[in-house]
Amino acid sequence: MTEWVGVLGFILSPDGTTAVYWTGFGEDEDRPEAIYAVPVAGGSAINLTGDIDAGLYLEGEPGIAISADSQWLFYVLGDGAEEHVLYRVPLDGSSEPSAKSPTDQDCREVKFAPMPSGHGVVYARTKPVLAGSELVYVDPSGVPLTLVTISGVFGEGAISPDGQWVLYIEDLYFSGSDDLFAVSLDGEAPIPLNDSLVINGNVVNFQVSDDSQFVVYKADQDVDERFEIYSVNLTTLARHDLIDSMVAGGDVLDYQLVNYLSYAIGVVYRADQLVDEKIDLGSVTINGSAAYHLSPGMPDTGDVTEFEVMPNGTGVILTADYMDELFNLWLTTTTGGEPKPVGTIKEGSSVADWPLTADVVDFKIGPNSSYVIFMANLDEQYVTEIYMAGNIGSGWFYRQKINPPMAYEGDVDSFLITPNSQGLVYRADQDTDGVWELYSAFYRYPQYMPILFRR
Amino acid sequence: MTTRQRSPKYFWLTVLVSASLLLIAAAAPILMALKISPPPVLEGDVYDYDINSTSQYTVFMSDPLIDHVMELYSVPT
């Protein structure tokens with residue numbers, strides 16, 4: 001492995017003003033010598049931690065994070081064995097780091113999540129067998145409150161967007177099942193969210209709706225090893241089985257909640273629900289009252305390989321091989337209908353020209369739901385380039401190539417869309433093969449704009 | 001009934017504004033890609049990168065000066 005020197009990693013503050021980075025030396029990018037904060041717009045870096053003891057690593061999930069109000073940094077240092085401590089330090093460096101979890105030699109893992117507002121934090125501290133693992137809320141002033149203690153380990157966890165609930169999967173040492181619970185931050189008793197599980201059944205993951213009203217979880221609740229999705233209302237605790245029927249051997253693979261105008265309205269999911277091993281796309285209302293097949297007409301040889309629900313909740317972009325092994329993009333609504341091809345016509349042309357050798361490598365929907373950016377080998381078989389298709393005048397059928405001609409054997413490697421939907425940044429060896437550089441693409445007016453309107 | 005005569009300067013201003021608006025209509029925005037990372041040394045690369053929440057800056061790790069000596073940069077997006 002190549003050894004790096006200097007900056008090993010970084011994160012950005014939620015308000016976009018500050019970068020936090022850690023430095024070190026060697027093969028392990030999680031072994032920091034010190035952690036710094038620096039203004040994104042440029043300026044002097046502040047050493048937040050001083051020298052960190054050798055042998056300590058950024059560990060756990062996420063290991064390092066900035067509070068929602070962008071005022072504090074949280075990080076976990078661990079020795080890879082039984083010492084793991086959560087620290088908090090102000091980003092302006094006005095005080096030393098302080099431990100927010102116990103500093104004893106009795107902790108195998110600390111996972112944490114900053115509160116969705118302010119600078120409180122919730123952490124799960126996993127102790128050795130029989131010692132009792134803890135879920136703890138630390139309020140903005142630094143006062144801890146133990147929410148739950150269990151004889152087991154905490155699995156996946158999350159805080160509801162309204163900050164009212166901590167949701168977690170618990171794996172007890174003396175139980176064959178993993179159950180989902182919600183606990184409020186006032187320390188009241190946890191509430192079980194899933195129905196009773198079949199023997200050996202488990203809740204494997206969950207998602208919380210934007211309005212904090214619903215939790216959708218995936219579990220083999222009714223039949224061992226048959227994974228379905230279920231919803232539960234956090235207020236009424238009404239539960240709904242969202243999969244009405246499933247072919248023998250079928251499973252839900254993945255799913256995404258649909259939020260419309262900030263309200264949870266349904267779930268889109270991939271499953272071999274109709275034909276075993278044929279992955280279709282379906283949707284269902286959040287209470288299970290109506291279900292839709294979102295990939296009708298796909299032959300039994302086809303599969304939906306990826307999907308993403310538009311942020312506005314009205315549509316879904318998916319990749320599927322309606323023609324065997326030819327994976328391209330499709331658009332459908334969250335309530336069904338025949339999917340429409342996306343980006344199959346080159347801008348300026350009038351006929352579809354998606355080559356039989358071309359596949360979509362990756363795609364992301366713009367935050368304003370009006371376009372999709374995708375990487376594909378459309379113009380040359382062995383060159384991955386970046387394209388846009390969207391509801392911008394010419395319809396979703398048309399695509400526009402974003403990158404200029406590439407150097408010989410150049411490729412686009414990855415991209416990010418700006419949060420304001422106005423552009424994107426991509427990484428490519430566009431100018432020199434094997435030299436990876438950054439490029440941004442924004443809508444810009446051509447040079448023959450009247451000078452009257454130039455800034 | 002009286003008729004108000006417009007000054008010639010208003011006429012030419014109107015012509016200029018109209019022409020400009022026509023040019024705007026003709027000059028539909030185009031998507032243009034620009035390199036934003038600094039020219040690297042031999043074998044230098046951009047590694048991790050992220051866009052800040054205001055979309056104004058891209059922050060990235062790169063070794064543009066000495067190969068494998070990683071530094072942090074920001075650039076207006």
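Just so we're clear, the structure is a prediction, and the values are computed from it rather than from any experiment. Computation of the quantities below employed the complete heavy-atom set of this structure, encompassing side-chain atoms and omitting hydrogens, waters and symmetry-equivalent molecules.
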task = May I have the step-by-step check of side chain to side chain contact (heavy atoms under 4.5 Å, CB included) for B/Val59 and A/Tyr21, ending in yes or no?
result = CA-CA 11 Å; B/Val59 178; A/Tyr21 64 93; over 6 Å; no
Is [X] close to chain B through its backbone or its side chain, or both, or neither, when contacts mean heavy atoms under 4.5 Å?
X	answer
A/Ile386	neither
A/Leu12	side chain
A/Ser414	both
A/Asp15	backbone

key: Donor-acceptor under 3.5 Å (B/Tyr49 side chain, A/Phe415 main chain)   = yes
ask   = Side chain of B/Thr54, backbone of A/Gly16: donor and acceptor closer than 3.5 Å?
value = no
task = Return the option, out of B/Val69, B/Val75, B/Leu72, with the maximum number of heavy-atom pairs under 4.5 Å with chain A.
result = B/Leu72
Roughly how far, to the nearest 0.5 Å, is [atom2] of [Y] from [atom1] of [X]?
X	Y	atom1	atom2	answer
A/Thr23	B/Glu71	OG1	CD	12.0 Å
A/Thr17	B/Tyr57	OG1	OH	11.0 Å
A/Trp436	B/Tyr47	CH2	OH	11.5 Å
B/Thr58	A/Arg427	OG1	CZ	14.0 Å
B/Asp45	A/Asp413	CG	CG	10.0 Å

Shortest non-hydrogen contact between [X] and [Y], atoms and distance:
X	Y	answer
B/Ser55	A/Thr418	OG-CB, 3.6 Å
A/Val7	B/Met61	O-CE, 3.4 Å
B/Ser53	A/Pro14	OG-O, 2.7 Å

ask   = Can you find a heavy atom in the side chain of A/Phe442 that is under 4.5 Å from one in the side chain of B/Thr77?
value = yes
key: Residue pair B/Ile51 / A/Pro419, side-chain heavy-atom distance below 4.5 Å   = yes
key: Which residues share a side-chain contact (heavy atoms from CB on, under 4.5 Å) with A/Glu409, sequence neighbours left out   = A/Asp433
Please list every donor-acceptor pair under 3.5 Å in which a side-chain atom of residues 30-50 of chain A meets a protein atom from a residue at least two apart or in another chain.
| residue | atom | partner | partner atom | Å |
| --- | --- | --- | --- | --- |
| A/Asn47 | OD1 | A/Thr49 | N | 3.0 |
| A/Asn47 | OD1 | A/Gly50 | N | 2.7 |
| A/Thr49 | OG1 | A/Ile35 | N | 3.0 |

Option in A/Asp431, A/Ile417, A/Val425 with maximal non-hydrogen atom pairs under 4.5 Å from chain B = A/Val425
